[in-house]
Amino acid sequence: MGIRKLWRDSIAAFRAGRAGGEALREFQDEQEIQRLGAQWGKAKTPAEREAAGLEAVKYVIYGAKGESRGPHLAEEEELQWSDNPGAREAYLIKRWNNPYFGPSRRAVSTEELSEARKTDRDKFLVAQNSLSGLAKEIGELPSPMTVGDLHKARQSLDELVQFALSVGGAAKEVAVKADQIRDAVVLAIGEAFSGDTEKLEKLESADAYHKDHVRKFHLPIVAGIIGIERIIPDDELVPALVSEDPATISILLDLLPEDDRVVMQAAAMKLILRVLEEGYIDPQLDKKLAVLARE
């Protein structure tokens, strides 16, 4: 399996690349690694394999005394972030001083921050004005409203909700209001179809799909990957993923097709191990490894 091979490769790389230290410690390290390797080989269940893998990784990183084998990253002066940042500023926050990203992407200039805030603000105004325009259009529809008019309004509101969630920050409130108007429109469509069971079932099915789809977009990383306002570039999907908390990582993995999920798990595990070897100790290391090591 990909995860198992990755673990074995990480141990082999550690053994091959290790230099310096006293002969006794090297001998003890070798003996312990052999023991951990044997423990992995004897594991009979996924849970036992996971526990053995975590123990091995901890030993590689911390050593027998539980002390880090590498230095922590140097502290840098903090930038002044917004209390409720939009999607672009939020992504800068994710990148800033984050060892999971490439060195050049860990720095954020004041100019870059200003530009991100301006774009976030401009996009928020677009969302806000779109909501006002749609509310006015719906309010001016002739009475009784036709089903065609209602469907058109629902589709426009669907697009606005997704757009606003992708913009993030204050635009999330726009998404909430747009969804409330959408609920009223869907209710009106349901009343128009009150005598048609088949159409009502299709409407309920479509509405359930919408609510499930929108629920996913409330996770910024999901909106940043597949939203209308896509923020996360392809080559930073893995760094962005492993920067999330374990629960969010698990949710995102569940959204992926099986083949893509396996590839993402292997790539994420590889990145975490590489960064650990460079000396960064993720405070949620154990939980993230457990999520990524599942089969």
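Being a predicted model, the structure only gives us computed values, none of them experimental.
Residues that satisfy the side-chain hydrogen bond (donor to acceptor under 3.5 Å, both in side chains) test with Ser82, not counting sequence neighbours, are Glu89, Arg117. For the side-chain hydrogen bond (donor to acceptor under 3.5 Å, both in side chains) test, residues two or more places apart in sequence or in another chain that qualify with Lys288 are Asp282. Arg261 meets the salt bridge (Lys or Arg N to Asp or Glu O under 4.0 Å) test with no other residue; sequence neighbours excluded. A search for salt bridge (Lys or Arg N to Asp or Glu O under 4.0 Å) contacts involving Asp83 returns nothing, not counting sequence neighbours. With sequence neighbours excluded, no residue forms a ring pair (Phe, Tyr, Trp, His ring centres under 6.0 Å) with Phe124. Applying the side chain to side chain contact (heavy atoms under 4.5 Å, CB included) criterion to Asp260, with sequence neighbours excluded, gives Leu256, Pro257. Contacts of Arg95 classified as salt bridge (Lys or Arg N to Asp or Glu O under 4.0 Å), with partners at least two apart in sequence or in another chain: Glu112. In terms of the side-chain hydrogen bond (donor to acceptor under 3.5 Å, both in side chains) criterion, Gln284 has no residue partners (sequence neighbours excluded). Among residues two or more places apart in sequence or in another chain, the side chain to side chain contact (heavy atoms under 4.5 Å, CB included) test is passed with Ser104 by none. Partners of Lys118 by side-chain hydrogen bond (donor to acceptor under 3.5 Å, both in side chains), not counting sequence neighbours, listed by chain and number: Asp122.
To the nearest 0.5 Å, atom NE2 of residue His151 and atom CG of residue Asp149 are 11.0 Å apart. Annotation: the span from Tyr280 atom OH to Asn98 atom CG amounts to 6.5 Å, rounded to 0.5 Å. Within the model, atoms CG of Asp183 and CG of Asp179 stand 5.5 Å from one another, a figure rounded to the nearest 0.5 Å. Of the inter-residue distances, the one linking Leu241 atom CG with Glu236 atom CD reads 13.0 Å to the nearest 0.5 angstrom. Residue Leu92 holds its CG atom at 8.5 Å from OG of Ser109, rounded to the nearest 0.5 Å.
Taking the side chain as every heavy atom from C-beta outward, Ser156 and Arg182 never approach each other to under 4.5 Å. Side-chain contact between Pro85 and Tyr91 is absent, with no heavy atoms from C-beta onward closer than 4.5 Å. Counting heavy atoms from C-beta outward, Leu134 and Ile181 have side chains that stay 4.5 Å or more apart. Taking the side chain as every heavy atom from C-beta outward, Trp81 and Trp96 approach each other to under 4.5 Å. Residues Tyr100 and Ile272 are in side-chain contact: their nearest non-hydrogen atoms beyond the backbone lie under 4.5 Å apart. Put simply, the side chain of Leu157 reaches to within 4.5 Å of the side chain of Ile138, judged on heavy atoms.
Leu253 pairs with exactly one of Ile249, Ile251, Leu255 by the side chain to side chain contact (heavy atoms under 4.5 Å, CB included) rule, that one being Ile249.
Listed by first and then second residue, the salt bridge (Lys or Arg N to Asp or Glu O under 4.0 Å) pairs that reach into residues 242-259 are Lys94-Glu244, Asp254-Arg294, sequence neighbours excluded. The list of side-chain hydrogen bond (donor to acceptor under 3.5 Å, both in side chains) pairs with a residue in residues 129-139, not counting sequence neighbours, is empty.
No continuous path of hydrophobic side-chain contacts links Leu141 to Leu187 [ILVMFWY only; heavy atoms under 4.5 Å]. Under the 4.5 Å side-chain heavy-atom criterion for ILVMFWY residues, a single connected hydrophobic cluster contains both Val174 and Leu125. Hydrophobic clustering (side-chain heavy atoms under 4.5 Å, transitive across Ile, Leu, Val, Met, Phe, Trp, Tyr) keeps Val263 apart from Val291.
Between the side chain of Ser114 and the backbone N or O of Thr110, at least one donor-acceptor pair lies under 3.5 Å. In this structure, Asp120 contributes its side chain and Arg88 its backbone to a donor-acceptor pair below 3.5 Å. Arg121 contributes no side-chain N or O that, together with a main-chain N or O of Lys123, makes up a donor-acceptor pair within less than 3.5 Å.
With respect to the salt-bridge test (charged N to carboxylate O, under 4.0 angstrom), the residues Arg274 and Glu278 qualify.
Here the closest non-hydrogen pair linking Ala127 and Leu160 is O-CD1, 3.8 Å. In terms of heavy-atom proximity, Asn84 sits nearest to Gly169 at ND2-C, 3.4 Å. Of all heavy-atom pairs between Pro239 and Asp235, the closest is CD-O, 4.2 Å. The shortest heavy-atom contact between Pro99 and Arg106 is O-NH2, 3.3 Å.
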